[in-house]
Amino acid sequence: MNYEQIIQLALERGFYFPSCEIYSDAPAGFWEYGPSGVSLKNKFMDLWRRELVRRDRMWEIDGSQIMSQSVFVASGHLSSFADPVITCQKCKSIFRADKLIAEITSLVVPESADLEQFDKVISEKDVKCPKCKGNFDNTKKFNMMFKVGIGPQSEAAYLRPETCQSIFVDFPRLYKTMRGRLPIGVAQIGKSFRNEISPRQSLLRLREFYQAEIEVFCNPNKLNEMDRFSEIENTEIRLMVDDDTIKQVTCKEALESGMLPNKLVAYYLALLVEFYRKTGIDVGKSRFRKLGDKEKAFYASVAFDFEVETTIGWLELVACNYRSDYDLKSHGTVSKEKFEVLDNDVKVLPHVFELSMGIDRSLYTILEHSFREDKENDRVVLSLKPYLAPIHVGILSLMKKDGLAEKTDEIFSKLKTRYDAFLDHSGAIGRRYRRLDEVGAPFAITVDHQTLQDDTVTIRMRDSMSQERIKISDIESHLADATAYP
RNA sequence: GCGGAGUUAGUCCAGCCCGGCAGGACGUCAGCUUCCCAAGCUGAAGGUCGCGGGUUCAAAUCCCGCACUCCGCACCA
């Protein structure tokens, strides 16, 4: 299984495909989900809700994608989510100004310096294009946020570059009205937008993408007061801290050895692994990688990336950032809103631990880890968990004639509103089974002549290709059990 | 954004060098056959040849520009 095979499957079977593909001016970095992809994505999101939002009694919100300029003044994205770049006048190569200056002159001009400072150093030290020795244009800021104009006056606003800003700005109202107590998770699924310089590899680096984010608001003085920790203390996670070796340890061990800073962080990392195990991703190929200071986002004080090994390398699926009080403090300052809350009669400004999940990348990884070439039977099988499969069950007539089709239609109409069922009468039965295998349908029910005599059907299992005969009246309970979320 | 390679049916690809009717395989659809794993037979649908311009009697083919995809570099708060 490799990237090419997955994308071919995605294109052929309606998982995902390029946006606006019939037009030649379609910009890069935008992809759409087809019917199979949407069905998989919806089920993935349901599983996320069950395993994280409900399990931990979080609050889920759904915020606007366009947010006011002040939000990003406060969040730091207007100043920090931009790179100083310089363009060579001759060969048009683009460089990060701070990085090129450091490389050539060993001078450190901070990324956040005024643009004039970069220009000054460049002219004083006579910095030339390393490729063609050409001169540079003046330094510019390239901000990765999409700016939009609101109303007839085109007032500045931005498409959110991360969904979590909605959670931060909504926090005061939520905490007042929803009767919470710390620590409390606030969750959101939605789209984010980043003007990436070079989007690549379909779902893996998009300009418009889905995030499932969780912000856990906590009392920084009580990070080790976490009763729920006992639920996960024996959950094994794979950690890469300080060096390049991955150590598989229980959360309890990770905490005791100091690999993880506190119970709260350990608890949520464990929930994440338990969630991903249920998606069918091989968590034996996963790791939490602790980020060094240079790699961390500007708001993070401690950060772990949850990464999974795929055929195109380690893929970051979730960024786990301890954002401290960075966000609430700055939103408080800019908006004058009060973000302090009472925690057992003591007023605290909550800190935030964040689990920022990339949905699109997760779906790609699920597809890749589920993809199987069964050479013996000359078929491709997507061994998705039954509860994630785009189609739960194929409903097939062995042949169209002798009333088999009518009987099949009857069964289909009983199931179609409760399950993702696919009705198919035409073509060779083996071909129909194989098509279902390719979209990961775990079951196929086939109506044959015996059905007309004794009201039984065969049910075929995708992975083993074995069949058993069950009563029509038992189909529903059978499917209910077999496709239930774990 | 730079360098390289590409872009032709749903998918994979041939045709391009050397300009002259738009092709193949698989897939899809319909019919026949067949009571269980991509069989067979018959037929059909499906194309702005990435987009725009130029050269030419004639462009998928030659030239120029652009977009997109992939690989490498850079970027990835």
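All values reported here derive from a predicted model rather than from experimental measurement.
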Any-strand Watson-Crick or G-U partner of B/A44, both distances under 3.5 Å: B/U28
Counterpart residues, salt bridge (Lys or Arg N to Asp or Glu O under 4.0 Å), relative to A/R379 (two or more places apart): A/D374, A/D437
Value in whole Å for how far the C1' atom of B/C76 lies from CD of A/E316: 9 Å
Short side-chain to backbone donor-acceptor contact, A/Y433 and A/R462, under 3.5 Å: no
Heavy-atom donor-acceptor pair, A/S39 side chain to A/P390 backbone, under 3.5 Å: yes
Nucleotide paired to B/A39 in any strand shown, Watson-Crick or G-U, under 3.5 Å: none
Sugar-phosphate, base or nothing in reach of A/R432, heavy atoms under 4.0 Å: nothing
Under 3.5 Å on both distances, the Watson-Crick or G-U partner of B/G1: B/C73
Sugar-phosphate, base or nothing in reach of A/E438, heavy atoms under 4.0 Å: base
Main-chain N/O of A/T458 paired to A/R469 side chain as donor or acceptor, under 3.5 Å: no
A/R431: salt bridge (Lys or Arg N to Asp or Glu O under 4.0 Å) partners, not counting sequence neighbours: none
Which residue lies more 5' along RNA chain B, comparing A/F209 with A/D378 via nearest heavy atoms: A/D378
Closest listed nucleotide, where the reference is the side chain of A/A428 and the choices are B/A38, B/G31, B/A39: B/A39
C1'-based separation of B/A14 from B/G72 [nearest Å]: 28 Å
Closest to side chain of A/A28, choosing from B/U69, B/C76, B/C29: B/U69
Sugar-phosphate, base or nothing in reach of A/S426, heavy atoms under 4.0 Å: sugar-phosphate
Nucleic acid footprint by protein, nucleotides 42-49 of chain B - heavy-atom cut-off 4.0 Å, B for base, S for sugar-phosphate alone: ------B-
Sugar-phosphate, base or nothing in reach of A/P161, heavy atoms under 4.0 Å: base
Cut-off 3.5 Å, no hydrogens considered: what does the side-chain donor-acceptor table look like for residues 392-407 of chain A, sequence neighbours left out?
| unit_1 | atom_1 | unit_2 | atom_2 | d |
| --- | --- | --- | --- | --- |
| A/H392 | ND1 | A/D420 | N | 3.0 |
| A/S397 | OG | A/H425 | ND1 | 2.7 |
| A/D402 | OD2 | A/H449 | NE2 | 2.9 |
| A/K407 | NZ | A/D455 | OD1 | 3.1 |

Nucleotide paired to B/G6 in any strand shown, Watson-Crick or G-U, under 3.5 Å: B/C68
Contact under 4.0 Å: A/Q201 side-chain N or O vs B/C71 OP1/OP2: yes
Pairwise P distance, B/U61 and B/A9 [rounded to whole Å]: 15 Å
Gap in Å between the two C1' atoms, one belonging to B/C75 and one to B/A58, rounded: 47 Å
For atom CG of A/N321 and atom P of B/C76, their distance in whole Å: 15 Å
Residue A/L398, side-chain heavy atoms: nucleotide from B/C35, B/A74, B/U11 that is nearest: B/C35
Pair A/Y158, A/N143: side-chain N/O donor-acceptor within cut-off below 3.5 Å: no
Salt-bridge present (A/K41, A/D360; N to O < 4.0 Å): no
Polar side chain donor-acceptor pair, A/Y3 to A/S202, under 3.5 angstrom: yes
Interatomic distance where CD belongs to A/E21 and C1' belongs to B/A67 [whole Å]: 14 Å
Short side-chain N/O contact from A/R431 to OP1 or OP2 of B/A39, under 4.0 Å: yes
Inter-nucleotide P distance (B/C51, B/C57), Å rounded: 24 Å
P spacing across the pair B/A74 / B/U56, given as an integer number of angstrom: 46 Å
Value in whole Å for how far the P atom of B/G10 lies from CG of A/L9: 17 Å
Length of the CE-P vector between A/M399 and B/U33, whole Å: 10 Å
Length of the line joining A/F30:CZ and B/A67:C1', which is rounded to integer Å: 14 Å
Donor/acceptor link under 3.5 angstrom from A/D448 side chain onto base of B/C36: yes
Spacing of A/D374 atom CG relative to B/A38 atom P, expressed in whole Å: 12 Å
A/R13 side chain near B/G10 phosphate (N/O to OP1/OP2, under 4.0 Å): no
Listed partners of A/S464 passing side chain to side chain contact (heavy atoms under 4.5 Å, CB included), at least two apart: A/M461, A/S466
For A/P27, side chain to side chain contact (heavy atoms under 4.5 Å, CB included) partners two or more places apart: A/F30
Pairing partner (Watson-Crick or G-U wobble, both distances under 3.5 angstrom) of B/G23: B/C13
Whole angstrom value for the distance that separates P of B/C70 from CG of A/N2: 14 Å
Out of B/G31, B/A38, B/U34, whichever nucleotide has its closest atom nearest the side chain of A/K401: B/U34
P-based separation of B/C17 from B/U7 [nearest Å]: 14 Å
Donor-acceptor pair under 3.5 Å, A/Y3 side chain vs B/C70 base: no
Sugar-phosphate, base or nothing in reach of A/G358, heavy atoms under 4.0 Å: nothing
Residues touching RNA chain B, which here means a heavy atom under 4.0 Å, drawn from residues 459-472 of chain A: A/R460, A/M465, A/Q467
First of A/G29 and A/V447 reached from the 5' end of RNA chain B, by closest nucleotide: A/V447
Any donor-acceptor pair under 3.5 Å from A/Q453 side chain to A/Q450 backbone: no
Complementary nucleotide of B/C49, counting Watson-Crick and G-U pairs under 3.5 Å: none
OP1 or OP2 of B/G31 under 4.0 Å from side-chain N/O of A/K400: yes
Nearest-neighbour nucleotide for the A/W31 side chain, B/C36, B/A38, B/U69 considered: B/U69
Rounded P spacing from B/A59 to B/A44 in Å: 30 Å
Rounded distance in Å between the C1' positions of B/A67 and B/G20: 30 Å
Sequence neighbours excluded, every pair satisfying salt bridge (Lys or Arg N to Asp or Glu O under 4.0 Å) that has a member inside residues 159-171 of chain A: A/E162-A/R323
Residues in side chain to side chain contact (heavy atoms under 4.5 Å, CB included) contact with A/S370, at least two apart in sequence or another chain: A/I366, A/L382, A/L384
Assigned partner base of B/A60, Watson-Crick or wobble definition, under 3.5 Å: none
